[in-house]
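Structure first, commentary second.
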Amino acid sequence: MVFYVDNEANAKFDFDIEQVATLVATKVLEYEKCDHEVEISLIITGDEGIRQMNNEFRGIDRPTDVLSFPNVSYDAPGDFSVMDGEQKIDLLNPDSGNIMFGDIVINENRVREQAKEYGHSEKREFAFLIAHSMLHLCGYDHMQEDEAKVMEKKQSDVLEELGITRD
């Protein structure tokens with residue numbers, strides 16, 4: 001897996017952004033049994049940057065905590081066989097041969113605010129947002145209650161396996 005990080009907000013945390021993002025993303029892909037070599041782009045931005053993207057891509061003119069932009073169109077969540085089919089050619093980075101899996105955008109301010117609100121570390125909040133977004137990149141959603149339960153369990157399992165808990 002290749003992770004590209006653009007810290008446009010110059011965010012500074014007491015953990016290494018790229019290391020934690022890579023650790024969590026790798027664990028999600030492992031958990032989901034995705035054996036493809038993928039590339040993921042991560043942007044760390046602030047309220048205004050994410051508000052603009054949220055407005056442009058979702059028509060919602062307000063900041064949010066995380067945005068996910070999957071490149072893969074799934075027949076079913078976690079069914080990576082689609083990356084072996086016709087769409088594979090459109091997903092490949094011609095320079096590396098890796099699947100361009102998708103983009104994650106995280107709002108630095110929300111990481112800090114939500115960590116305080118939920119009473120856990122900024123590292124745990126950041127890791128949660130990466131896990132959440134990675135599951136979106138794997139085709140999962142949470143629009144329906146049953147979908148939300150599936151995502152919540154997967155997020156919890158991944159973070160627990162990594163020892164990144166709310167303590």
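The structure presented is a predicted model; accordingly, all values stated were derived computationally and were not measured. We use all heavy atoms of the structure for the numbers below, so side chains are in, but hydrogens, waters and symmetry mates are not.
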What's the spacing between [X] [atom1] and [Y] [atom2] if we round to 0.5 Å?
X: Glu160; Y: Gln155; atom1: CD; atom2: CD; answer: 13.5 Å
X: Ser156; Y: Glu161; atom1: OG; atom2: CD; answer: 10.0 Å
X: Asn7; Y: Leu42; atom1: CG; atom2: CG; answer: 8.5 Å
X: Met100; Y: Tyr4; atom1: CE; atom2: OH; answer: 9.5 Å
X: Ile44; Y: Glu18; atom1: CD1; atom2: CD; answer: 10.5 Å
X: Ile50; Y: Asn55; atom1: CD1; atom2: CG; answer: 12.5 Å

Can you tell me if Glu117 has over 12 outside heavy atoms packed within less than 6.0 Å of its CD? yes

In one Ile/Leu/Val/Met/Phe/Trp/Tyr side-chain cluster, 4.5 Å: [X], [Y]:
X: Val105; Y: Phe126; answer: no
X: Ile40; Y: Leu159; answer: yes
X: Leu137; Y: Ile43; answer: no
X: Val2; Y: Val5; answer: no
X: Ile104; Y: Leu135; answer: yes

Determine whether a donor-acceptor pair (N or O, by modelled atom type, separation under 3.5 Å) exists between the side chain of [X] and the backbone of [Y].
X: Asn54; Y: Arg62; answer: yes
X: Asn98; Y: Glu39; answer: no
X: Glu108; Y: Thr45; answer: no
X: Ser133; Y: Leu129; answer: no
X: Asn107; Y: Thr64; answer: yes

Residue pair Glu125 / Arg110, side-chain heavy-atom distance below 4.5 Å: no

With a 4.5 Å limit on heavy-atom distance, are the side chains of Met134 and Val24 in contact? no

Between [X] and [Y], how do the two ring planes meet: parallel, tilted or perpendicular, split at 30° and 60°?
X: Tyr74; Y: Phe101; result: perpendicular
X: Phe57; Y: Phe69; result: perpendicular
X: His120; Y: Tyr118; result: parallel

Validate the cation-pi geometry between Arg124 and Phe15: distance from NZ or CZ to the six-membered ring centre under 6.0 Å, angle to the ring axis within 45°. no

Looking only at heavy atoms, what is the nearest atom pair of [X] and [Y], with distance?
X: Asp157; Y: Tyr31; answer: OD2-OH, 2.6 Å
X: Val28; Y: Ala131; answer: CG2-CA, 4.1 Å
X: Ile17; Y: Ala11; answer: CD1-O, 3.9 Å
X: Asp65; Y: Gln114; answer: OD2-NE2, 3.3 Å
X: Leu92; Y: Gly97; answer: CD2-O, 3.2 Å
X: Leu29; Y: Cys138; answer: CD2-SG, 4.3 Å

Does a donor on one side chain and an acceptor on the other come within less than 3.5 Å for Tyr140 and Glu32? yes

Under 4.0 Å between a Lys/Arg side-chain N and an Asp/Glu carboxylate O for Glu30 and Lys27? yes

Determine, stepwise, if the pair Phe13 / Lys123 fulfils side-chain contact (heavy atoms from CB on, under 4.5 Å). CA-CA 8 Å; Phe13 293 103; Lys123 177 181 176 181; over 6 Å; no

